[in-house]
Structure formats: structure tokens, C-alpha cells
Amino acid sequence: MLMERKQRGVTMIELLIAIVIMGLLMTMGMPAFNLWTQNIQTRGAAESILNGLQLARTEAVRRNTNVRLDLTDATGVVSWTVGCVTVTADCPANIQSYSNEAGKNARVGVSVAALPAPIPANHFDVPLTIGNGLPAGVTFDGIGRMPVANIGADISRIDVMNAANANARRMVIVVEVGGQVRMCDPALPRATNPQGCA
């Protein structure tokens, strides 16, 4: 005598309930995913500017001449060029350029105002306006410093923020007179976190 085995599958109702539950979970998680995506774009744009500044400083020291990074887009889209201030056969006007094609939501604003020393804890609380002070740039001399004649005219602070989402993370890049460049998060206190701004 053969034993009959009953096969059971998933009923249509069970399948529909599973689809509805997955849809609800995805709907609840979408805002967090969107914010995460916007934060990634902002950080990527800030890192590209930081890399451009470091490249300009390195090239200035290597070539022993003034090299400048210019943020070239007046609307705040991340776009920069590194080139020699005095163009020669050995020092071109365009050493490297960058244009942020992927993350159009990441935008910048700049300030040329001298940074106070020491920087107060609340100095970076108010973000700069997108497009503020642009186009603008920073020059580094042959020893990697900002030339004295450029202090007050060159960028001292760059805010990178997201034009599409006000809740997205904002990053700040600080350029000091001595040529030091660093990126920080104004939402974090520097006393307890090295990634903080002030």
C-alpha cells in the first residue's frame, strides 16, 4: 500500500499578506534610505574638494610656485580646477579639474573671513548660503602656505550641503593660513570627537 503525501504550498492570501507587509516595511525605510543617499553625496563632494585642496598644496610645494584651486561654478555645484598662478611650460594653467556629475544635490558656499583663534564652539552652527562667495579660490605658495597678500581674499571656509534635503549632513572644510586643510562635521563637538569642527 502506497502512502499518499499531501503537498502544501503557499496560498494566494498568504502570498498577498507577505507582499503587503514587505511593501509597508519598504515604505517606512525609504526616507532613511533617501537621507543616507543624500549624506553619501554630500560627503563625496566634500572629499573631492578636500582632495583638490591637498593636490594644489602638494603641487605648489613640488613645483616651488603658487598653485591655486578655484571653485568655478557660481551656483554652488561642486566643480574645481587646480592650476599654476603663473603659467609656464613646466606649470600649466590646468593641472587637474573636477566636475561633480553624479551628485548634483551637493552644493557649496564659501567664506573668505578669517577664522578666529581659537575657534568658538558655535562658530560653524549657521551654514553658509549655497553659492555664497562663488566663484572663489585658494592659493598655496612654494612652502604650502597661503600667501600673505591673499589672506582675507582667499577661501578660509567651505560648507558642503545638500540642496535637495535640509536634513542631510553638512560638512565644513577649513583652510588655515598656514596651509593646513581639514574636513569636519559641525554637528559633532571637537572636544569629544576628532571629526568635529569646534
Side-chain angles (χ1 to χ4, degrees), residues 39-117 119 123-124 127-163 169-186 194-195 197:
N39 287 340
I40 292 291
Q41 285 182 6
T42 302
R43 181 156 187 106
E47 287 176 349
S48 83
I49 295 170
L50 182 66
N51 291 339
L53 288 164
Q54 291 170 341
L55 172 68
R57 186 175 187 214
T58 301
E59 288 294 320
V61 172
R62 187 174 78 82
R63 296 170 189 268
N64 194 27
T65 189
N66 289 356
V67 175
R68 183 171 177 85
L69 173 129
D70 281 307
L71 292 171
T72 57
D73 192 294
T75 64
V77 172
V78 179
S79 180
W80 53 260
T81 301
V82 171
C84 296
V85 173
T86 305
V87 178
T88 64
D90 295 330
C91 199
N94 186 349
I95 296 170
Q96 187 172 337
S97 295
Y98 174 85
S99 182
N100 190 5
E101 298 298 327
K104 291 287 187 187
N105 292 330
R107 299 291 177 94
V108 298
V110 302
S111 173
V112 297
L115 296 169
I119 297 174
H123 185 74
F124 299 106
L128 299 173
T129 306
I130 291 173
N132 182 64
L134 293 171
V138 180
T139 301
F140 296 97
D141 64 17
I143 57 172
R145 297 175 54 91
M146 189 183 295
V148 174
N150 292 39
I151 297 171
D154 277 0
I155 296 171
S156 60
R157 171 184 170 185
I158 304 168
D159 280 22
V160 184
M161 56 215 111
N162 196 289
R169 171 191 245 173
R170 175 172 57 103
M171 302 302 292
V172 174
I173 299 169
V174 177
V175 183
E176 297 178 13
V177 175
Q180 295 84 4
V181 180
R182 69 180 181 91
M183 181 173 67
C184 60
D185 186 341
Q195 295 177 351
C197 284

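Along the sequence shown, the residues carry numbers beginning at 1. These figures come from a predicted structure and were not determined experimentally.
- Here the SG-CZ distance, from C184 to R157, works out to 9.0 Å after rounding to the nearest 0.5 Å.
- A 6.0 Å sphere centred on CD of E47 holds more than 12 heavy atoms belonging to other residues, nucleotides or ligands.
- Although no hydrogens or angles enter the test, the distance criterion places a donor-acceptor pair under 3.5 Å between the side chain of T88 and the main chain of C91.
- Between Q96 and T81 there is no side-chain heavy-atom pair separated by less than 4.5 Å.
- Here the closest heavy-atom approach between residue A45 and residue V160 is recorded as CB-CG1, 4.0 Å.
- Between N132 and L128, the closest heavy-atom pair is ND2-CD2, 4.4 Å.
- You'll find the side chain of W80 stays beyond 4.5 Å of the side chain of D73, heavy atoms only.
- Two residues are said to be in side-chain contact when any heavy atoms from C-beta on lie closer than 4.5 Å; V85 and V67 fail this criterion.
- The distance from the CG atom of L55 to the OH atom of Y98 is 14.0 Å, given to the nearest 0.5 Å.
- Across all non-hydrogen atoms, the minimal contact from G137 to D70 is CA-OD1, 3.5 Å.
- N66 CG to N150 CG: the interatomic distance, rounded to the nearest 0.5 Å, is 7.5 Å.
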Go through the steps for R107 and V78 under the test side-chain contact (heavy atoms from CB on, under 4.5 Å), then give the verdict. CA-CA 6 Å; R107 299 291 177 94; V78 179; over 6 Å; no
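- To the nearest 0.5 angstrom, L69 atom CG is 7.0 Å from I155 atom CD1.
- Taking each heavy atom of V112 and G152 in turn, the nearest pair found is CG2-O, 3.5 Å.
- Atom CE of residue M161 and atom CD of residue Q41 lie 14.5 Å apart, to the nearest 0.5 angstrom.
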Worked check of salt bridge (Lys or Arg N to Asp or Glu O under 4.0 Å) between R63 and D90: CA-CA 8 Å; R63 296 170 189 268; D90 295 330; over 6 Å; no
Which is it for L134 and V110 under the side-chain contact (heavy atoms from CB on, under 4.5 Å) test, yes or no, and what are the steps along the way? CA-CA 7 Å; L134 293 171; V110 302; 3.8 Å; yes
Given the rule in the side-chain contact (heavy atoms from CB on, under 4.5 Å) test, do V61 and F140 qualify, once you have shown the distances and angles that lead to the verdict? CA-CA 8 Å; V61 172; F140 296 97; over 6 Å; no
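- Residue pairs satisfying the salt bridge (charged side-chain N to carboxylate O under 4.0 Å, His left out) criterion with at least one member in residues 137-156, sequence neighbours excluded, are listed as follows: R68-D154.
- Side-chain contact between L53 and I173 is present, with heavy atoms from C-beta onward closer than 4.5 Å.
- Here R169 contributes atom CZ and T42 contributes atom OG1; the two are 9.0 Å apart, rounded to the nearest 0.5 Å.
- Side-chain polar atoms of S79 and T72 form a donor-acceptor pair below 3.5 angstrom.
- At distances below 3.5 Å, not a single donor-acceptor pair connects side-chain atoms of S97 with backbone N or O atoms of V82.
- Across M171 and A46, no two heavy atoms sit closer than the pair CB-CB, 3.8 Å.
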Please lay out, stage by stage, how D185 and C197 fare under the test side-chain contact (heavy atoms from CB on, under 4.5 Å). CA-CA 6 Å; D185 186 341; C197 284; 5.6 Å; no
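- Side-chain atoms of D159 never come within 3.5 Å of backbone atoms of G109 as a donor-acceptor pair (strictly under, hydrogens ignored).
- In plain terms, the two heavy atoms of R170 and V172 that are nearest each other are NH1-CG2, 3.8 Å.
- No side-chain heavy atom of M146 sits under 4.5 Å from any side-chain heavy atom of E176.
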